[in-house]
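Single-structure report; data block below.
Residue numbering restarts at 1 for every chain, and letters A, B, ... go by the order of the sequence lines.
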There are 2 protein chains.
Amino acid sequence: MARGRKPPTQADPVDFAGLRSYIGYMARQAQTAVFRDFARITEETGLTPGEFSLLTLIGANPGINQITLVTLHNLDKSTLSLAIRDLMRQELIERKKDSRDGRYYALRLTRQGALQLEKATALVEEQERKMDATLKAGERAQLLDMLRRLSKAFD
Amino acid sequence: MARGRKPPTQADPVDFAGLRSYIGYMARQAQTAVFRDFARITEETGLTPGEFSLLTLIGANPGINQITLVTLHNLDKSTLSLAIRDLMRQELIERKKDSRDGRYYALRLTRQGALQLEKATALVEEQERKMDATLKAGERAQLLDMLRRLSKAFD
DNA sequence: CCAATATAGTTTGACTTACAAACTATATTG
DNA sequence: CAATATAGTTTGTAAGTCAAACTATATTGG
C-alpha cells in the first residue's frame, strides 16, 4: 500500500483574506457544520432539521395554522405547504378545518409524531451539549442573544 | 379598500418551546436572515454567497487548486466542479494546468472577476456594518470566535 | 520498466429546499 | 352581492448538495 500520493492538499498556508472576519461567512460555516452533524439524528429519527423545528412548534402550539408557521419561519407559504403534506404522509401530524373559519387548518401532532419528536429532542439536546463543550460558562446565553439580534437586524 | 381581512396571523403569543434555546436553531435563523439580505448584493453584482467566498479565496490565493477549496469549504468535489464551471462561463476566473503535476488546475481571477469581487466586497462590508449596529463593543470578536469554535466542534 | 494504486477533476443522476405565480376556496365588508 | 382579502395548494423553476462512475495524470514497489 501507500503509493501515488502527495502532501494532503496545499503545503502553503491558505490566506482566508477577510473571510474569517465576516460574521456572515462564519455563521454559514457554523450552521453547515451543525447540519452535517444533524445527519446522524436524521438517520435515527427520519426527521430533517426543518421537520424537527416544525414538529416542535406544532407540538407546543396545538391548533396552530400554516400561515402562522410561515411568519415564524420566514418561508414561503408554498414551501410550507409541501412540508406539511410530507409530515401528513408520514402521519406525524394531522389537521382539521377550523370550525369558525374554513380557510384555516388547525394542526396537531399525532401520537406517532409526538413520539418521534421526543426521540429527536433528546438527540438534539445531546448535540447542544456537544456545542457547550466548546463554550465557556455564560457564553451560550450570550451567543443565543447575539444570534437573535442578528436575525432581527434584517427584518 | 380594506375589506375581508382579519388579525395578521395569530392573536395568542406563540410558544417557541425550547427552540430559541438551541444554538442549532438560532444559528440557522441568523444565517438565513443574512442570506435573504444577501439577495440585494446578488442583484447588484450577480454573485451568490458561495461564489463570493470562492472568489475571495481564489483572489487571495492565486494558483490555488480545486481540492484545496474543497477541504476549506467542506463541499463535495463534484459540487465545487460545477461551481467552478459556472465561474469560468461567467469569465470571473481562469485556470491552467499545473506544469509540474497535470492533475491540478491553478485557479486565478480574471480582471473582470477581480472587479466584481471588489464591488461585492464593499457591499458585504456594508452588510457587516449593519450587523455591528446590533452588537456592543467587543461582541463581534467574541461572536466570531465562538462561531469558529462551533464549526470545529463537529470536525 | 510497468502494474497497481492513489489523486485531481468531470459528468450524470437524484434529492432537497426554496421561491413565485396562478389557482381554489372561504370570509368580510361597502 | 360584488369586490376584495386571506389560507392554502399546485406547478414550474432554480440553486445547492451528494454519491457513484468515469477520465486522466502521477507515484512507487517489485
Side-chain angles (χ1 to χ4, degrees), chain A residues 1-11 28 31-33 35-36 38-39 42-43 46-54 63-71 73-89 93 95-107, chain B residues 1-10 28 31-33 35-36 38-39 42-43 46-54 63-71 73-90 93 95-107:
Chain A
M1 67 170 222
R3 269 168 267 180
R5 69 216 159 301
K6 293 212 13 192
T9 43
Q10 188 123 319
R28 176 155 89 125
Q31 196 263 330
T32 58
F35 267 35
R36 265 197 309 278
F38 204 102
T42 301
E43 247 179 69
L47 298 180
T48 63
E51 291 175 332
F52 170 72
S53 55
L54 284 178
I64 198 172
N65 58 50
Q66 296 182 199
I67 202 77
T68 303
L69 290 174
V70 157
T71 64
H73 268 207
N74 261 309
L75 329 145
D76 195 88
K77 58 182 180 168
S78 59
T79 304
L80 184 72
S81 180
L82 297 175
I84 292 293
R85 188 193 60 187
D86 286 348
L87 289 174
M88 298 267 295
R89 284 190 184 155
I93 62 171
R95 63 184 183 182
K96 61 180 210 301
K97 287 267 185 193
D98 186 311
S99 48
R100 284 180 302 189
D101 190 331
R103 291 172 302 180
Y104 293 80
Y105 281 115
L107 304 169
Chain B
M1 68 170 223
R3 268 168 268 180
R5 68 216 159 303
K6 292 212 12 193
T9 42
Q10 188 124 317
R28 177 157 88 124
Q31 196 263 330
T32 58
F35 266 34
R36 266 197 308 278
F38 204 102
T42 301
E43 247 180 70
L47 297 181
T48 63
E51 289 175 334
F52 170 72
S53 55
L54 284 178
I64 198 172
N65 57 50
Q66 298 182 198
I67 202 76
T68 303
L69 290 174
V70 157
T71 63
H73 269 207
N74 261 308
L75 318 154
D76 196 88
K77 59 183 180 167
S78 59
T79 304
L80 184 73
S81 180
L82 298 175
I84 293 293
R85 186 194 60 186
D86 287 348
L87 289 174
M88 297 267 296
R89 283 188 185 158
Q90 298 177 253
I93 62 169
R95 62 184 183 182
K96 61 179 211 299
K97 289 267 185 192
D98 187 311
S99 50
R100 284 180 301 189
D101 189 332
R103 293 172 300 180
Y104 294 81
Y105 281 114
L107 304 169

Quickly work out the [X] [atom1] to [N] [atom2] distance and round it to whole Å.
X: A:I67; N: D:dG8; atom1: CD1; atom2: P; value: 6 Å
X: B:K96; N: C:dG9; atom1: NZ; atom2: P; value: 13 Å
X: B:Q31; N: D:dG16; atom1: CD; atom2: P; value: 12 Å
X: A:N65; N: C:dA27; atom1: CG; atom2: P; value: 14 Å
X: A:F35; N: D:dT17; atom1: CZ; atom2: C1'; value: 13 Å
X: B:L69; N: C:dA8; atom1: CG; atom2: P; value: 12 Å
X: A:D86; N: D:dT10; atom1: CG; atom2: C1'; value: 14 Å
X: A:L87; N: D:dG8; atom1: CG; atom2: P; value: 15 Å

Just distance, no hydrogens or angles: give the donor-acceptor pairs under 3.5 Å from side chains in residues 75-85 of chain B, sequence neighbours left out.
from	atom 1	to	atom 2	distance (Å)
B:D76	OD2	B:S78	N	3.0
B:D76	OD2	B:S78	OG	2.7

Give every pair of a protein N or O atom and an N or O atom of nucleotides 24-26 of chain C that lie under 3.5 Å apart, one pair per line with the distance.
from	atom 1	to	atom 2	distance (Å)
C:dT26	O3'	A:G102	N	3.3

**Prompt:** So do B:L69 and B:L107 actually touch side chain to side chain, heavy atoms under 4.5 Å?
**Reply:**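 They are in contact (side-chain heavy atoms under 4.5 Å apart), so the answer is yes.
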
**Request:** Could you check if a side-chain atom of A:K97 sits within less than 4.5 angstrom of a side-chain atom of A:Y105, using non-hydrogen atoms only?
**Result:**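 A:K97 reaches A:Y105 side chain to side chain.
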
**Message:** For A:F35, give me all partners under side chain to side chain contact (heavy atoms under 4.5 Å, CB included), at least two apart in sequence or on another chain.
**Reply:**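 A:F35 satisfies side chain to side chain contact (heavy atoms under 4.5 Å, CB included) with A:Q31, A:P49, B:R28 only.
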
**Item:** Contact state string [nucleotides 10-18 of chain C, B base, S sugar-phosphate only, - no protein heavy atom under 4.0 Å]
**Value:** BBB----SS

**Prompt:** Quick one: stems for DNA chain C, with Watson-Crick or G-U pairs under 3.5 Å, at least three in a row?
**Reply:**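 Output for stems: C:1-30 with D:1-30.
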
Going by side chain to side chain donor-acceptor pair (under 3.5 Å), name the residues that satisfy it together with [X], two or more places apart in sequence or in a different chain.
X: B:D98; answer: none
X: B:T32; answer: none
X: A:N74; answer: none

**Request:** Can you see which heavy atom on A:G50 is nearest to which on A:S53, and at what distance?
**Result:**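 Scanning both residues completely, I find the closest heavy atoms to be O-OG, 3.1 Å.
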
**Residue pair B:N65 / B:Y104: nearest heavy atoms and the distance that separates them** =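 Scanning both residues, the minimum pair turns out to be ND2-CD2, 3.0 Å.
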
**Message:** With rounding to the nearest 0.5 angstrom, report the CG to NE2 distance, A:L54 to A:H73.
**Reply:**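 A:L54 atom CG to A:H73 atom NE2 measures 5.5 Å (nearest 0.5 Å).
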
**Interatomic distance, A:R95 atom CZ to A:Q66 atom CD [nearest 0.5 angstrom]** =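 These two atoms lie 5.0 Å from each other.
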
